Amino acid sequence: MGKEKQPIFTTRAHVFQIDPSTKKNWVPASKQAVTVSYFYDSTRNSYRIISVDGAKVIINSTITPNMTFTKTSQKFGQWADSRANTVFGLGFPSEQQLTKFAEKFQEVKEAAKLARDRSQEKIETSSNHSQESGRETPSSTRASSVNGTDDEKASHGGPAETHLKSENDKLKIALAQSSSNVKKWETELQTLRESNARLTTALQESAASIEHWKKQFSACKEENDQLRSKIEELEEQCNEINKEKERNAQLSRRLQELETELQDKELELEELRKQGEIIPQLMSECESVSQQLQDAENKNKDLEEKVRTLRTEVEESKHRQTNLKTELKNFLDVLDGKIDELHDFRQGLSKLGIDN
């Protein structure tokens, strides 16, 4: 891994890697939060992200100027490593720690870009210097050939040609390495494009899944509103039942009053009968009293008929009240089931949010 010394930046996070088979799901690389650090490799003049879980290296990612660290949620971020052919994900305890890690990633990325540019400048400078040396050598050789003897030509021409050939060989090797690096960078760029396409597809599928759950949530919310409306209707019916109970109480009191009045009439009738037995001379008045008694009996029958009617109404009212209570209990049982389903659904949404 080079000669890393003290880390540039260190934090703790849960480490994940993308599932190589599906390229969608995250696979935990650590059972718990582990130390994740930025290092500078002075030997290779490069920057790395390294994390070790026990004796196992779970992250060894060399940062290149083409890499991008993406925040996918308030506490989760990811970046693609084409050399490792994977995507790393980090889950942080807080949004602040995620922000610090992302800022450090950007700083290290810029530093890696500067290091690469400086390396290219050195290569170009070395190449130009070699070319200039190659051009100068023949001229000096030609000057020696013109001004010197044939022996001088032989003594000076041989080393110059050897040096020029050596410089040309070095240039050929540098050109071959440059071509190899270009091919490697093209392969890395293609890998990054493919990884980006996979991530875009996964993001689109995630967005579609979110829309599906939004529709499900809207449907449940609409059903909940309907249930609330039904509850309000049942509450109104309960109010009507209470009013019916009050009317029944009034009818019961009126029935008691009528029974009391009937008892009074019976007492009065009894007194009239006694008077008819005691005073025979008041027969004419007795006939009148008998007529009154007849009227009272008719009225009594009417009252009894009213009492029966009132009792029938009371029984019907009690029966309606019992039916309404049964219907209300059944509806409340259904409502409890719907509320439990809604609660389970919300827990499922919470878990989905965490998984994402």
Side-chain angles (χ1 to χ4, degrees), residues 209-277 285-355:
S209 178
I210 290 173
E211 289 297 327
H212 172 71
W213 286 113
K214 282 183 178 179
K215 291 179 181 179
Q216 291 286 348
F217 180 75
S218 299
C220 290
K221 185 177 180 182
E222 183 179 355
E223 185 178 359
N224 190 24
D225 292 338
Q226 293 177 355
L227 291 173
R228 286 181 179 176
S229 177
K230 186 65 175 178
I231 289 174
E232 290 176 356
E233 292 178 0
L234 289 174
E235 287 178 348
E236 292 179 358
Q237 293 179 2
C238 288
N239 292 332
E240 292 294 331
I241 291 173
N242 292 330
K243 291 179 181 179
E244 189 70 22
K245 286 181 179 179
E246 186 176 354
R247 287 195 294 269
N248 290 339
Q250 292 177 356
L251 290 173
S252 298
R253 289 193 296 271
R254 180 58 180 166
L255 179 60
Q256 292 177 356
E257 291 174 358
L258 290 173
E259 289 178 350
T260 302
E261 185 178 354
L262 181 59
Q263 291 176 359
D264 294 338
K265 292 296 182 182
E266 289 178 350
L267 292 174
E268 184 179 354
L269 180 59
E270 186 64 26
E271 290 178 358
L272 290 173
R273 285 178 179 175
K274 289 180 180 179
Q275 290 178 4
E277 293 176 354
E285 294 180 6
C286 186
E287 290 177 357
S288 176
V289 171
S290 297
Q291 185 63 38
Q292 292 179 0
L293 179 61
Q294 184 65 35
D295 294 336
E297 288 178 351
N298 292 334
K299 189 175 182 180
N300 187 24
K301 290 180 180 180
D302 293 336
L303 290 174
E304 289 177 352
E305 185 64 24
K306 288 181 180 180
V307 168
R308 286 194 296 271
T309 303
L310 289 173
R311 287 178 176 173
T312 302
E313 291 178 357
V314 168
E315 291 298 326
E316 291 177 355
S317 177
K318 288 181 179 179
H319 183 68
R320 287 197 303 271
Q321 182 180 355
T322 301
N323 291 337
L324 287 174
K325 285 182 177 179
T326 302
E327 183 180 357
L328 178 60
K329 183 177 181 301
N330 293 333
F331 178 76
L332 290 176
D333 292 337
V334 174
L335 179 61
D336 289 338
K338 294 294 183 180
I339 291 174
D340 291 338
E341 291 177 2
L342 182 59
H343 180 67
D344 295 339
F345 175 71
R346 287 179 175 172
Q347 289 182 346
L349 284 180
S350 299
K351 291 180 179 178
L352 180 61
I354 296 173
D355 292 337

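Since the model is a prediction, treat every value here as computed from it, not as a measurement. Heavy-atom basis, side chains included; hydrogens, waters and symmetry copies ignored.
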Inset, instruction - With sequence neighbours excluded, give me every salt bridge (Lys or Arg N to Asp or Glu O under 4.0 Å) pair touching residues 317-327. - result: Glu244-Arg320

Inset, instruction - Please tell me if the side chains of Lys299 and Asp295 come closer than 4.5 Å, counting only heavy atoms from C-beta onward. - result: no

Legend entry - Pairwise distance CG(Leu310) to CG(Asn248) - rounded to 0.5 angstrom: 10.0 Å

Inset, instruction - Of all the heavy-atom pairs spanning Phe331 and Ile231, show the shortest one and how long it is. - result: CE2-CG1, 3.5 Å

Inset, instruction - Would you give the length of the straight line joining atom CG of Leu255 to atom CG of Leu262, rounded to the nearest 0.5 angstrom? - result: 10.5 Å

Inset, instruction - Find out whether Leu251 and Glu313 are in side-chain contact, i.e. whether some heavy atom of one side chain is under 4.5 Å from a heavy atom of the other. - result: yes

Legend entry - Any donor-acceptor pair under 3.5 Å from Asn330 side chain to Thr326 backbone: yes

Legend entry - Contacts of Gln250 that satisfy side-chain contact (heavy atoms from CB on, under 4.5 Å) - sequence neighbours left out: Glu246, Arg253

Legend entry - Value rounded to 0.5 Å, distance of CG in Leu234 from OG in Ser229: 9.5 Å

Inset, instruction - Could you walk me through whether Leu324 and Gln237 pass the side-chain contact (heavy atoms from CB on, under 4.5 Å) test, one step at a time? - result: CA-CA 8 Å; Leu324 287 174; Gln237 293 179 2; 3.9 Å; yes

Legend entry - Residue pair Arg311 / Val314, side-chain heavy-atom distance below 4.5 Å: no

Inset, instruction - Output the distance between atom CG (Asp225) and atom NZ (Lys221), rounded to the nearest 0.5 Å. - result: 6.5 Å

Inset, instruction - May I have all residue pairs that pass salt bridge (Lys or Arg N to Asp or Glu O under 4.0 Å) and include part of residues 332-342, sequence neighbours excluded? - result: Glu223-Lys338, Lys329-Asp333

Inset, instruction - Give a yes or no on this: more than 12 heavy atoms of other residues, nucleotides or ligands lie within 6.0 Å of atom CD of Glu257. - result: yes

Inset, instruction - Taking the side chain as every heavy atom from C-beta outward, state whether Ser218 and Glu222 have any atom pair closer than 4.5 Å. - result: no

Legend entry - Stepwise side-chain contact (heavy atoms from CB on, under 4.5 Å) check, Lys243 with Arg247: CA-CA 6 Å; Lys243 291 179 181 179; Arg247 287 195 294 269; 4.1 Å; yes

Legend entry - Value rounded to 0.5 Å, distance of CG in Leu303 from CD in Glu259: 10.5 Å

Inset, instruction - First locate atom NZ of Lys301, then atom CZ of Arg308, and finally report the distance between them rounded to the nearest 0.5 Å. - result: 10.5 Å

Legend entry - No-hydrogen, no-angle side-chain donor-acceptor test under 3.5 Å, His343 and Gln347: yes

